[in-house]
Each structure stands twice: as C-alpha cells, then as structure tokens.
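Below is one structure, written out as structure tokens; the observations come after it.
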2 protein chains.
Amino acid sequence: MDKNNAPQPLYTAHGKPAGRIRQKNEESILAAAAEEFARYGFKGTSMNAIATRAGLPKANVHYYFNSKLGLYVEVMRHILELWDTAFDDLTVDDDPATALAEYIRIKMEFSRRHPEASKIFAMEVISGCECLSEHFNKDYRNWFRGRAAVFDAWIAAGKMDPVDPMHLIFMIWSSTQHYADFSDQIRRINGKRMTRADFARASDNLIAVILKGCGLTPPPTPER
Amino acid sequence: MDKNNAPQPLYTAHGKPAGRIRQKNEESILAAAAEEFARYGFKGTSMNAIATRAGLPKANVHYYFNSKLGLYVEVMRHILELWDTAFDDLTVDDDPATALAEYIRIKMEFSRRHPEASKIFAMEVISGCECLSEHFNKDYRNWFRGRAAVFDAWIAAGKMDPVDPMHLIFMIWSSTQHYADFSDQIRRINGKRMTRADFARASDNLIAVILKGCGLTPPPTPER
DNA sequence: GTCTATACTGCGATAGAC
DNA sequence: GTCTATCGCAGTATAGAC
C-alpha cells in the first residue's frame, strides 16, 4: 500500500526505485527526439534515429512513449510550457519602451538557449499546425487580443506611434526566432556560430530599431 | 537527322511532339513536389504523394526525375532562380529610404505570391542546409558583404543610423518571410487568410517601423 | 523493466509489358 | 513514352523471452 502513496517518481511492481531509471531514460528520449524532430519534422523523423541518439534499443522508446505521435506531442508540450511565460503580465500601466525591450531580450535569450524548441515549433507551423490545432484555440486568440489591446491603449495615450499591434508582435516574433531557426544560414554566412556576445549585439540592434521605429526611446542597455 | 536539329522542346523517337507532354508533366510534377516538400521537408515527403498530387503513376515521376534527391534539387534550383534577383543592383548612390522600402515591398510580394518557395527554403535551412551547402559559397558571402558595405557607406555618410547591416538584413528577411512560412499560424490567430490588402498593410507597417528605426523617413506609400 | 526477433506496412527504385 | 508489378529495404509497432 505504501507504493501507492509514493509521490510522482513512481515505483515499479518490484518495489525498486525504477522511477529513477524511467526518469533518466525518458529524459534522454525526449532530448533525442527534440533534436531529431527539430531537424526533420514529424514525418521525416524515424523512431530508430531517436533510439540510436538516445543510446537505447528502438523497442524501449515504444515502451516509454506508446507511439511516435505520442512522443511528438509530449515534446511539443514541453516546448509550449517553456514558451509564453513571459509577456503574460503586460498591463497598460507598464512603460512601453521597457516592456518591449524586455520582451525582445527574453525572446532572444530563448532563441539562444532553446534553438531546437524554436525549430520544432517552426517546422510544425510550416507543416500546417496539424498537431497544434488545439493550441490555437480561443484562449490563445484571447491572449493575443489582450496584448494587442495594451498596445492600442499605449497608442491612444500617445505613448507610441500608431503601429498595428498584430504586425508589431509578428515582427518581434520573427526577428527573434530567426536567430534560432536560421542559425545554420547565419553560421554559413559569417563563417562561425553566434556567440553569447553576438546574441547580445543582435538584441541591442533589434531593440534599437524596433523601439525607435515605434517612436519609443530605448532604455539604457543593461550591464554585461 | 532533322530531329537532332530541333530546338529545345525535343521530339521523341516517334517524331511526335512529345516535348509538349514532357514539359506539361514535368511542370505538374515540379508543382506537386514543391507543395509536398514545403509541407513535409525532404525526408518527410514521399514520391507517392508527389505522384498522386500530380495525377501520375509513381513510376513516371522516376522516369522524368531520376531520384527523389534529383527532383528536390531541381525544385530548389527553381526557387533560388526566383530569389536574389532584387537588391542585386544596390549602390551607394541610391537613396536609402527608397531602396529599403522597395526591397521590403519586393520581399513581401514574394511571400504573398510564392509562399511554398519560402517554406521549402525555410525547411531546408532548419534541416541544416544539407542540400544548399554549395549555395552558401564564396559568391554568396561576397553578395552579402557587398550589401552590407553599401549600408556601412550610408551610415558613414550620415544618411542613416549606425545599425549593424547584417542584423538589419536578417530583420528584413525574417519579418517578411514570416508571412509566408508562418501563414498557418497567422490564419489561426485572426481566423482568416491574409488578403492582398492585408499584405499591403503589413508591408506599410514593416516599412514604417524599420525605416524610422534606422533614422530614415519613409517615402510616400505608392497608390493602390 | 529490458531487449531480441519479428509482423506488417510503405518507401524509393527498377524491370519489363504495352 | 507510359504504366503495372515487384524487389529490397526501412518504417512503426508488438510479442514474448529474459
């Protein structure tokens, strides 16, 4: 009976702390799957490749995640959890320049630290959002309208230029995600990977152009 | 012997104008392949799906294009032909505002008219540019450096703010291609496809923000 | 829990009748 | 030039020994 009272890391029928192994393996598989899905999309990825990358036999992947689609949605779920945490608490009383600069910096940091997540999301959207169809539900559209409303309020208050909020958000999304999704193109163009300092410079540039373009004065660059 | 003197639309051994059929079929296949590759990438696309979409038996696709990879590079070649035609003749003497606005408008028009081309390119880059490795050669990097040099000259002449040319180009590329690559996300967010007028508004917004962000005065919007 | 062996399907590609 | 039939292989998924 004690077994049933155990917390989240479940125990097996043998009473052994197999949760440890399970957790470790599931993480390996999820990480391997993320890399493969980021490169080849859902259809282009094979369970074999995922298993090999995770250092496990193919059957084990099916043991932990029943099907390829199941594994995919799990990977997707993890990504969407990482996402959308910022920019949630945006209000009319915030300073537009500070809020926008902060959002751009957060998005860029995400591109730098989780490029695979961005790529998987991009692949999924390009492929027609078959798996994300329920993600773009009423809640999501309401979130989007909420942010747009704040922009409109700022504009009405004369705090910034009359820029279409939707297109502004798209602009921020695309220009920041670009550094994750197209990292290979960037690498080939200037012959080397983007360093942390390169990302900082890119952030500064984006913030300078976008904020000035909206009639805002960029806040001072934070210390680095 | 006359057969051998015939111009490009070749004739078959039967002397019939089979070039017509060949041309028509090849076009169908290329169009079908573009749609499939745009959705599923190279690995995720099957020759069967292409053949079905083109309304031909699978074997015919192999007859016209020897292999899947051959067909893919052919599709890619067509795309790269469409691309990169604009912005080539940029010189220091051009007016920055006019030139940038024009480039943004051209890129947006491309996103509107050839979304599949943009998607295939995006997929290829996200997948690591395996097929495009030779596309990013010295010539390409020189092209890029050439444009950047013009920006630097404009900046040195005090015609625009000191914006990093590379990041500015990335910004224009990403924000315009976004309307092609992420069209599905956009459609789901605001419940309908972007119309021609929507694209025009998006262009105007991008031009307004980016040009002002670079310290430039946008030229008057052309008549529509 | 783990892994080998295997069922079954769909893939890219080709042979060969028409 | 066109299309059916088929080869060989890689794909997802599962059964069952350990």
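Keep in mind that this is a model prediction, so the values were computed, not measured. Numbers restart at 1 for each chain; the letters A, B, ... are given by sequence-line order, proteins then strands.
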Is it true that B:Arg112 and B:Glu109 make a salt bridge, defined as a side-chain N closer than 4.0 Å to a carboxylate O? yes
Length of the line joining B:Glu36:CD and C:dG12:C1', which is rounded to integer Å: 15 Å
With nearest nucleotides of DNA chain C determined for A:Tyr64 and A:Lys58 from heavy-atom distances, which residue corresponds to the more 5′ nucleotide? A:Tyr64
Given D:dG11, C:dA13, C:dC3, which nucleotide is nearest the side-chain atoms of B:Lys68? C:dA13
Can you check the A:Phe65 CZ to D:dT14 C1' distance for me, whole Å? 18 Å
Where the side chain of A:Asn25 is concerned, which of C:dT2, D:dT14, D:dC3 is the nearest nucleotide? C:dT2
From the options C:dC3, D:dC3, C:dG1, select the nucleotide whose nearest atom is closest to the side chain of A:Pro57. C:dC3
Measure the distance from OH on A:Tyr63 to C1' on D:dA15 and round it to the nearest whole Å. 15 Å
A:Ser28 and A:Asn25: side-chain donor and acceptor closer than 3.5 Å? no
Proximity to the side chain of A:His62 - top-ranked nucleotide from C:dT4, D:dT12, D:dC3: D:dT12
Under-4.0 Å salt bridge between A:Asp204 and A:Arg105: yes
Presence of salt bridge, A:Lys43 and A:Glu130, under 4.0 angstrom: no
Nearest-Å distance for atom pair CE/P, residues A:Met47 and D:dG11: 12 Å
Euclidean distance, atom CD1 of residue A:Ile21 to atom P of C:dC3 [Å, nearest integer]: 10 Å
Tell me the interatomic distance from A:Ile50, atom CD1, to D:dG11, atom P, rounded to whole angstroms. 11 Å
Counting heavy atoms from C-beta on, name the nucleotide in D:dA13, C:dA15, C:dG12 closest to the side chain of B:Ser46. C:dG12
Starting from P on D:dT2, measure out to CZ on B:Arg22 and report it in whole angstrom. 8 Å
Euclidean distance, atom CG of residue B:Asn48 to atom P of C:dA13 [Å, nearest integer]: 13 Å
Do the side chains of A:Arg77 and A:Glu74 get close enough for a salt bridge, i.e. N-O under 4.0 angstrom? yes
